[in-house]
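What follows is a set of notes on a single structure, which appears directly below.
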Amino acid sequence: MTDYSEEQRNELEALESIYPDSFTVLSENPTTFTITVTSEAGENDETVQTTLKFTYREKYPDETPLYEIVSQENLDDNDVTDILKLLEQQAEENLGMVMIFTLVSAVQEKLNEIVDQIKTRREEEKKQKEREAEEEEKQRFHGTPVTIENFLNWKAKFDAELLEIKRKKMKEEEQAGKNKLSGKQLFEMDHNLDTSDIQFLEE
């Protein structure tokens with residue numbers, strides 16, 4: 001006859017030495033304990049974590065233990081559902097053998113997967129943002145494509161502007177021409193010119 005309490009006691013001792021920091025006994029009768037499972041560090045040292053609570057049934061390991069998730073960090077509802085399904089499946093597969101270590105290891109793997117998924121999802125989002133930014137940048141530098149029609153429009157405008165500039169220049173020159181003094185006016189303004197010719201004659 002199987003000594004269930006002996007097997008349970010031995011497993012508890014083993015679990016205590018395997019998970020010294022995360023194993024806590026809550027009660028002796030029935031034997032209830034928690035084990036906190038943490039994933040490996042993800043991006044920015046982020047981790048996902050869950051605390052599993054197990055209760056031995058009288059005929060464990062020939063009966064599955066009772067289990068529940070009592071707390072979790074960074075997990076969404078779908079993840080929690082997946083973990084519970086995983087525990088159920090593993091418990092059925094390992095019936096008849098002490099299985100807490102197997103169950104906890106399966107959950108540990110699952111948490112590592114979740115961290116990888118979070119990382120992949122974030123990388124995807126980052127790439128998507130970069131693609132959108134590139135697209136915007138392209139739009140900004142993407143001018144109007146040149147067609148014969150818009151080139152001719154531009155040329156007409158350009159020629160008109162050029163003509164306007166020439167016209168202004170000619171007007172300015174005309175104005176400047178009007179302001180030029182005649183020889184008589186210069187002579188009247190500068191009295192040194194009165195004697196300049198005499199100097200030449202004297203020489």
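Treat the numbers as computed from the prediction; the structure is a model and nothing was measured.
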Holding to ring-ring contact (aromatic ring centres under 6.0 Å, His included), I want the full list of residues that pass it with [X], two or more places apart in sequence or in another chain.
{"X": "Tyr19", "answer": "none"}
{"X": "Tyr67", "answer": "none"}
{"X": "Tyr56", "answer": "Phe33, Tyr60"}

Partner residues of Thr36 under the side chain to side chain contact (heavy atoms under 4.5 Å, CB included) criterion, sequence neighbours left out:
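Here the qualifying residues are Ser22, Thr38, Gln49, Thr51.
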
When you measure from the side chain of [X] to the backbone N and O of [Y], does any donor-acceptor pair fall under 3.5 Å?
{"X": "Glu7", "Y": "Pro61", "result": "no"}
{"X": "Asp159", "Y": "Ala156", "result": "no"}
{"X": "Thr55", "Y": "Lys53", "result": "no"}
{"X": "Glu63", "Y": "Lys59", "result": "yes"}
{"X": "Thr50", "Y": "Ser71", "result": "yes"}

Shortest non-hydrogen contact from [X] to [Y]?
{"X": "Thr64", "Y": "Arg57", "answer": "O-CD, 3.3 Å"}
{"X": "Asp62", "Y": "Gly96", "answer": "OD1-CA, 3.5 Å"}
{"X": "Ala106", "Y": "Gln90", "answer": "CB-CG, 3.9 Å"}
{"X": "Ile100", "Y": "Pro65", "answer": "CD1-CG, 4.0 Å"}

How long is the straight-line distance from [atom2] of [Y] back to [atom1] of [X], given to the nearest 0.5 Å?
{"X": "Glu134", "Y": "Arg131", "atom1": "CD", "atom2": "CZ", "value": "9.0 Å"}
{"X": "Glu123", "Y": "Glu130", "atom1": "CD", "atom2": "CD", "value": "10.5 Å"}
{"X": "Ile118", "Y": "Leu75", "atom1": "CD1", "atom2": "CG", "value": "7.5 Å"}
{"X": "Asn74", "Y": "Ile114", "atom1": "CG", "atom2": "CD1", "value": "10.5 Å"}
{"X": "Glu172", "Y": "Arg167", "atom1": "CD", "atom2": "CZ", "value": "14.0 Å"}
{"X": "Gln8", "Y": "Glu58", "atom1": "CD", "atom2": "CD", "value": "9.0 Å"}

According to side-chain hydrogen bond (donor to acceptor under 3.5 Å, both in side chains), who are the partners of Glu28, at least two apart in sequence or on a separate chain?
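If we apply the side-chain hydrogen bond (donor to acceptor under 3.5 Å, both in side chains) test to Glu28, skipping adjacent residues, there are no hits.
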
Please determine whether a side-chain nitrogen of the Lys or Arg among Lys129 and Glu132 lies less than 4.0 Å from a carboxylate oxygen of the Asp or Glu.
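Salt bridge flag = no for Glu132 with Lys129.
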
Pair Glu125 + Arg122, salt bridge at N-O below 4.0 Å
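Result for this pair is no, no salt bridge flagged.
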
Run the side-chain contact (heavy atoms from CB on, under 4.5 Å) check on Val146 and Trp154 step by step: do they pass?
CA-CA 10 Å; Val146 177; Trp154 170 82; over 6 Å; no

Evaluate the criterion side-chain contact (heavy atoms from CB on, under 4.5 Å) for residue pair Leu103 and Leu52; output intermediate values, then yes/no.
CA-CA 10 Å; Leu103 298 183; Leu52 305 170; over 6 Å; no

Among residues two or more places apart or on two chains, list those pairs meeting ring pair (Phe, Tyr, Trp, His ring centres under 6.0 Å) that have a residue in residues 82-125.
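Sorted pair list comes back empty.
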
same_hphob_cluster(Val98, Leu15) at 4.5 Å side-chain heavy-atom cutoff
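In one cluster: yes.
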
